[in-house]
Q: 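My questions will all concern the structure given below.
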Amino acid sequence: MPQQTEISYFTCNKHNFDKFSLDTFIRKQTVTHCWRKTRSGYMLQPVAYTEDWDLNERRAVAAKICDGLQRGCLAFAAAQANRIVGFAYVDRTLFGNKHRYVALEELYVSQPFRNRGIGRQLFVNACSGARSLGATRLYISAHSAEEVIAAYRRFGCEYAEEINQTLAEKEPCDLQLAFNLETHIPH
């Protein structure tokens with residue numbers, strides 16, 4: 001049996017990330033339950049579908065990251081054998097009443113590489129990047145799938161004190177979460 005190559009982590013830039021960098025990435029996720037807001041709070045509801053990206057969608061996400069890198073946003077990646085198996089993207093725009101939030105706009109791990117701690121390490125890298133941008137909170141408009149919210153909860157995320165209406169309206173089923181960069185260290 002061939003030995004698996006180790007995962008390497010790096011900060012993305014114009015020399016190591018381009019519009020083709022996510023061509024082999026596998027977004028596929030089979031969802032069976034999602035969190036939905038009810039009158040009595042958030043409840044886990046049966047919602048079944050499969051989410052996946054085709055090549056055009058992968059390239060659109062890569063192009064968004066490339067554009068952001070040119071504007072001073074931050075991106076981090078995990079790779080195995082020069083193929084990206086996970087990535088995180090942090091927008092540099094500070095927002096909120098006290099301009100203390102930046103948004104973690106993307107955090108994904110390729111399907112065959114999930115549950116190996118890659119997402120956790122990318123989250124840690126995103127938190128460090130957010131701090132370097134002057135943020136005290138990392139904001140996440142999080143996909144409402146049971147597994148996604150469970151991961152963010154394990155990282156220490158809580159419901160956001162302030163809601164970014166633009167992000168909330170863009171994805172109305174997402175949960176608006178935040179990670180306090182002043183008092184928490186990602187775990």
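Quick caveat, the model's predicted, so the values are computed rather than measured.
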Q: Check the pair Asp54, Glu57 against side-chain contact (heavy atoms from CB on, under 4.5 Å), reporting the backbone distance first and the verdict last.
A: CA-CA 5 Å; Asp54 64 19; Glu57 290 167 306; 3.4 Å; yes
Q: In the structure I gave you, are the side-chain heavy atoms of Pro112 and Ile26 within less than 4.5 Å of one another anywhere?
A: yes
Q: Determine, using the 4.5 Å side-chain heavy-atom cutoff (strictly less than), whether Phe10 and Ile65 are members of one ILVMFWY cluster.
A: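 Yes, same cluster.
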Q: In Å and rounded to the nearest 0.5 Å, what is the CZ to NZ distance from Arg114 to Lys28?
A: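 Reported to 0.5 Å precision, the distance equals 10.5 Å.
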Q: Does the ring centre of Phe87 sit less than 6.0 Å away from the ring centre of Tyr108?
A: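 They qualify: ring centres under 6.0 Å apart.
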Q: State, yes or no, whether a side-chain contact exists between Val109 and Val85 at a heavy-atom distance under 4.5 Å.
A: no
Q: Can you tell me how far CD of Gln111 sits from CG of Asp52, rounded to the nearest 0.5 angstrom?
A: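 Answer rounded to 0.5 Å: 8.0 Å.
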Q: To which residues is Ile163 joined in a hydrophobic cluster, defined by side-chain heavy-atom contacts under 4.5 Å among Ile, Leu, Val, Met, Phe, Trp and Tyr, whether direct or through other members?
A: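 Phe95, Tyr101, Tyr139, Leu167, listed by chain and number.
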Q: Could you tell me whether Arg137 and Glu182 have a side-chain N and a carboxylate O separated by less than 4.0 Å?
A: yes
Q: Could you tell me whether the side chain of Thr136 reaches within less than 4.5 Å of the side chain of Asn180, counting heavy atoms only?
A: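 They are not in side-chain contact.
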Q: Return yes if a side-chain donor-acceptor contact under 3.5 Å exists between Ser128 and Asn125, otherwise no.
A: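 No pair is found: no donor N or O on one side chain lies under 3.5 Å from an acceptor on the other.
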Q: Does the pair Val102 and Thr93 meet the rule for a side-chain contact (heavy atoms from CB on, under 4.5 Å), with working shown?
A: CA-CA 6 Å; Val102 292; Thr93 307; over 6 Å; no
Q: If you compare all heavy atoms of Ile84 against all heavy atoms of Ala77, which two are closest, and at what distance to 0.1 Å?
A: CD1-CB, 4.1 Å
Q: Has the side chain of Arg153 got a donor or acceptor atom that lies under 3.5 Å from a matching backbone atom of Cys157?
A: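 Yes, the answer is positive, given that a donor and an acceptor are paired below the 3.5 Å cut-off.
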Q: Filter on salt bridge (charged side-chain N to carboxylate O under 4.0 Å, His left out), then keep only pairs touching residues 167-176, sequence neighbours left out; what's left?
A: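 Residue pairs with at least one partner in residues 167-176: there are none.
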Q: For residues 40-51, which side-chain N or O atoms pair as donor and acceptor with protein atoms under 3.5 Å away, sequence neighbours left out?
A:
from	atom 1	to	atom 2	distance (Å)
Ser40	OG	Thr38	OG1	3.4
Tyr49	OH	His143	NE2	2.9
Glu51	OE1	His143	NE2	3.0

Q: Run the side-chain contact (heavy atoms from CB on, under 4.5 Å) test on Val124 and Cys127 for me, step by step, so that the C-alpha distance in whole Å, both residues' side-chain angles and the decisive distance to 0.1 Å come before the verdict.
A: CA-CA 5 Å; Val124 169; Cys127 287; 5.7 Å; no
Q: Answer yes when Asp67 and Arg71 have at least one side-chain N-carboxylate O distance shorter than 4.0 Å, and no when they do not.
A: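 Yes, Asp67 and Arg71 are salt-bridged.
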Q: With sequence neighbours excluded, tell me which residues meet side chain to side chain donor-acceptor pair (under 3.5 Å) with Thr32.
A: none
Q: Under 3.5 Å, is there a donor-acceptor pair between the side chain of Gln176 and the main chain of Tyr159?
A: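 Not confirmed, Gln176 side chain does not pair with Tyr159 backbone.
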Q: Calculate, to the nearest 0.5 Å, the distance between atoms OG and CZ belonging to Ser110 and Phe25 respectively.
A: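 Between atom OG of Ser110 and atom CZ of Phe25 there are 5.0 Å.
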Q: Would you verify whether the NZ or CZ of Arg27 falls within 45 degrees of the ring axis of Trp53 while also being under 6.0 Å from that six-membered ring's centre?
A: yes
Q: How would you list, by chain and number, every residue that makes a side-chain contact (heavy atoms from CB on, under 4.5 Å) with Glu105, sequence neighbours excluded?
A: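 Glu105 satisfies side-chain contact (heavy atoms from CB on, under 4.5 Å) with Lys64, Tyr89, Asp91, Ala103 once adjacent residues are dropped.
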Q: What do the steps show when you test Tyr152 against Leu104 for side-chain contact (heavy atoms from CB on, under 4.5 Å), and what is the final call?
A: CA-CA 12 Å; Tyr152 281 122; Leu104 174 63; 4.0 Å; yes
Q: Consider only side-chain heavy atoms of I, L, V, M, F, W and Y, link residues closer than 4.5 Å, and tell whether Leu107 and Val61 are in one cluster.
A: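 Leu107 does not cluster with Val61.
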Q: So Glu147 and Gln29, do their side chains get closer than 4.5 Å, heavy atoms only?
A: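 Yes, side chains in contact.
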Q: Within the 4.5 Å heavy-atom criterion, are Cys173 and Arg36 side-chain neighbours or not?
A: yes
Q: Where is the tightest heavy-atom contact between Ile118 and Ala78, given as atom of each residue plus distance?
A: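 So the minimum-distance heavy-atom pair works out to CG2-CB, 3.6 Å.
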Q: Would you indicate whether the side-chain heavy atoms of Phe17 and Leu22 approach each other to under 4.5 Å?
A: yes
Q: Which heavy atom of Ala142 sits nearest a heavy atom of Ile149, and at what distance?
A: CB-CD1, 3.8 Å
Q: Tell me the closest heavy-atom pair linking Leu133 and Leu94, and the distance in Å.
A: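 Result for this residue pair: O-CD1, 3.9 Å.
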Q: Arg59: what forms a side chain to side chain donor-acceptor pair (under 3.5 Å) with it, not counting sequence neighbours?
A: Asp23
Q: Does Thr11 offer a backbone N or O that forms a donor-acceptor pair with the side chain of Asn16 under 3.5 Å?
A: yes
Q: If you count the non-hydrogen atoms of other residues, nucleotides and ligands that lie under 6.0 Å from CG in Asn115, is the total more than 12?
A: no
Q: Side chains of Arg92 and Leu74: closer than 4.5 Å at any heavy-atom pair?
A: no
Q: Is there side-chain contact between Ser141 and Asn164, with at least one heavy-atom pair below 4.5 Å?
A: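 A side-chain contact is absent here, since even the closest heavy-atom pair is not under 4.5 Å.
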